[in-house]
Amino acid sequence: MDRVCVESPMEDSSNEEEDLDSTKAAPRIRDTPEDIVLEAPASGLAFHPTRDLLAAGDVDGDVFVFSYSCQEGETKELWSSGHHLKSCRAVVFSEDGQKLVTVSKDKAIHVLDVEQGQLERRISKAHSVPINSLLLVDENVLVTGDDTGGIRLWDQRKEGPLMDMRQHEEYIADMALDPAKKLLLTASGDGCLGVFNIKRRRFELLSEPQSGDLTSVTLMKYGKKVACGSSEGTIYLFNWNGFGATSDRFALRAESIDCMVPVTENLLCTGSTDGIIRAVNILPNRVVGTVGQHAGEPVEELSLSHCGQFLASSGHDQRLKFWNMTQLRTVVVDDYRRRKKKGGPLRALSSKAWSTDDFFAGLREDGDDAKTPEVVKDSDDDSD
């Protein structure tokens, strides 16, 4: 006789308990990766161009690469490097993502292997003074800017700089490149926007000096506009091929703009010494809301992930934080202007962002629903 196997009620109960246990053990999926806590503030920050990796360089000279994930407990340090003798000022991944280039106050340029963190090349005295900024042109060519306004163009296949110019009177805070990789734009502590032709290796011009240091520079509006942040909390706009004088200016109610990163062709995020990360629309000029914050601590650097979903920020609180950009990307700013309403809080544009009413008096825009800010029609901050 064939024997028929029938599960007993006890076995059923045991299986159900196992199912419940497996359900309980399921990892929690977060809206953003968890914060990363460092031993010192990070002044350099960069996402990998294709993988879920984040690099950071801190003021002690250490460089870290982390893998990040929205799955709780899965954001981890992959490796660290302590080759720099002083503060690491900037980190940038190569276009293919295989190398990480870093610069430091120790005047050196380092090229590291991304997989293992091994130092592959060191240019020990790349400048005679500390290096402050770094920009990669392609897989071989890079540009560095130093604390006294010097600009150097390097080809990693050759010895020595291809171009060495000093037109600025103060430190080079940030640099940007046009899509054709011909014109280099520099933001300097002397308040000027610099223009250099790196194809012909020549200086083009300096803009009129603005009030305060220029701390950041980026292209907006499909390359038709250049936006510069300043230590006075103002965004200065230049027309492309009209670099001599500003075409517009936009004063934020912020103590400063220390860093800036474009999110779309119209929207950018700024970091300030007041700890707030603001979302700003360019033309029409609007403060759309707040994306996040390092409460009571200056924001040092911002970087946007390769997929555009996450913004990472580093602050003096020694934390690397992630902010979800999904909601911000739904914002459409209407050109129609109503009467200004000042004195209210900035709306929160991510699940972890606070309204500025929580800790800082900012500006208010119509519509208090922070969860669905589809259209912004009026402004509290307008261009001058």
Side-chain angles (χ1 to χ4, degrees), residues 25-39 41-58 64-78 91 93 97 258-264 267-272 274-281 287-331 345-360 362 369-374:
R28 180 187 168 201
I29 304 300
R30 300 166 50 92
D31 185 51
T32 64
E34 297 169 270
D35 290 0
I36 297 170
V37 182
L38 302 176
E39 294 183 0
S43 48
L45 196 63
F47 277 101
H48 191 276
T50 58
R51 298 166 59 189
D52 292 344
L53 302 178
L54 179 69
D58 70 20
F64 303 87
V65 168
F66 301 92
S67 63
Y68 62 89
S69 171
C70 288
Q71 186 171 314
E72 196 162 82
E74 290 301 308
T75 296
K76 300 175 181 178
E77 179 186 320
L78 299 183
V91 297
F93 284 100
D258 296 321
C259 49
M260 197 162 68
V261 64
V263 177
T264 68
L267 288 163
L268 56 80
C269 288
T270 66
S272 172
D274 59 24
I276 302 174
I277 303 167
R278 292 169 172 82
V280 179
N281 191 85
V287 176
V288 180
T290 173
V291 169
Q293 64 287 316
H294 289 256
E297 299 286 348
V299 179
E300 185 71 28
E301 191 59 87
L302 298 171
S303 183
L304 190 68
S305 66
H306 62 89
C307 61
Q309 183 180 359
F310 300 119
L311 180 76
S313 61
S314 63
H316 286 204
D317 55 5
Q318 301 176 195
R319 287 180 176 267
L320 307 181
K321 296 188 174 189
F322 296 85
W323 312 98
N324 196 311
M325 294 286 98
T326 304
Q327 188 171 332
L328 177 59
R329 289 177 177 276
T330 68
V331 171
L346 286 174
R347 69 175 70 189
L349 290 174
S350 73
S351 60
K352 298 195 302 181
W354 303 347
S355 165
T356 52
D357 194 33
D358 293 328
F359 71 111
F360 184 79
D369 185 1
K371 294 182 180 179
T372 55
E374 290 87 357

### Task
Kindly indicate whether the side chain of Val37, heavy atoms from C-beta on, has any atom under 4.5 Å from the side chain of Arg319.
yes
### Query
side-chain contact (heavy atoms from CB on, under 4.5 Å) between His316 and His294: does it pass, once the steps are laid out?
CA-CA 8 Å; His316 286 204; His294 289 256; over 6 Å; no
## Note on the structure
Hits for side chain to side chain contact (heavy atoms under 4.5 Å, CB included) against Asp52, two or more places apart or cross-chain, chain-then-number order -> Tyr68, His306
### Query
What heavy-atom pair brings Leu302 and Thr270 nearest, and what distance separates the two atoms?
CD1-C, 3.8 Å
### Message
Looking at every heavy atom in both Pro49 and Phe93, which two are closest together, and how far apart are they?
### Response
CD-CB, 3.7 Å
### Task
Measure the CG-OG distance between Asp58 and Ser314 for me, rounded to the nearest 0.5 Å.
10.5 Å
### Message
Between Gln318 and Glu39 (side chain of the first, backbone of the second, donor and acceptor by atom type, cut-off under 3.5 Å), is there such a pair?
### Response
yes
### Summary
Note: Asp31 and Cys70 closest approach over all heavy atoms is O-SG, 4.0 Å
### Query
Thr32: what forms a side chain to side chain contact (heavy atoms under 4.5 Å, CB included) with it, not counting sequence neighbours?
Arg30, Phe310, Phe322, Asn324, Lys352
### Query
Is a donor on one side and an acceptor on the other found under 3.5 Å between the side chain of Glu34 and the backbone of Gly73?
yes
### Task
Evaluate the side-chain contact (heavy atoms from CB on, under 4.5 Å) criterion for residues Asp258 and Val299: first the C-alpha distance (whole Å), next the side-chain angles of each, then the deciding distance (0.1 Å), finally the verdict.
CA-CA 7 Å; Asp258 296 321; Val299 179; over 6 Å; no
### Side-chain (Thr75) to main-chain (Pro33) donor-acceptor, under 3.5 angstrom
no
### Query
Are Glu72 and Pro27 side-chain neighbours, meaning at least one heavy-atom pair lies under 4.5 Å?
no
### Query
Do Gln309 and Thr326 pass the side-chain contact (heavy atoms from CB on, under 4.5 Å) test, and can you show the C-alpha distance, the side-chain angles, and the key distance before you say yes or no?
CA-CA 6 Å; Gln309 183 180 359; Thr326 304; 4.1 Å; yes
#### Entry: Atom pair CG (Leu320) and OG (Ser313), whose distance is rounded to the nearest 0.5 Å
8.0 Å
### Message
Measuring only between side-chain heavy atoms, which start at C-beta, is Pro41 closer than 4.5 Å to Glu300?
### Response
no
### Query
Rounded to the nearest 0.5 Å, how far does NZ of Lys76 lie from OG of Ser69?
9.5 Å
### Task
Evaluate the side-chain contact (heavy atoms from CB on, under 4.5 Å) criterion for residues Val331 and Asn281: first the C-alpha distance (whole Å), next the side-chain angles of each, then the deciding distance (0.1 Å), finally the verdict.
CA-CA 9 Å; Val331 171; Asn281 191 85; over 6 Å; no
### Task
State, to 0.1 Å, how close Thr264 and Arg329 come at their nearest heavy-atom pair, and which atoms those are.
CG2-NH1, 3.8 Å
### Task
To the nearest 0.5 Å, tell me how far Ile276 CD1 sits from Gln293 CD.
8.0 Å
#### Entry: Heavy-atom closest pair, residues His48 and Gly97
NE2-O, 2.9 Å
## Note on the structure
Heavy-atom closest pair (Cys269 atom, Leu328 atom, distance to 0.1 Å) is SG-CD2, 3.9 Å
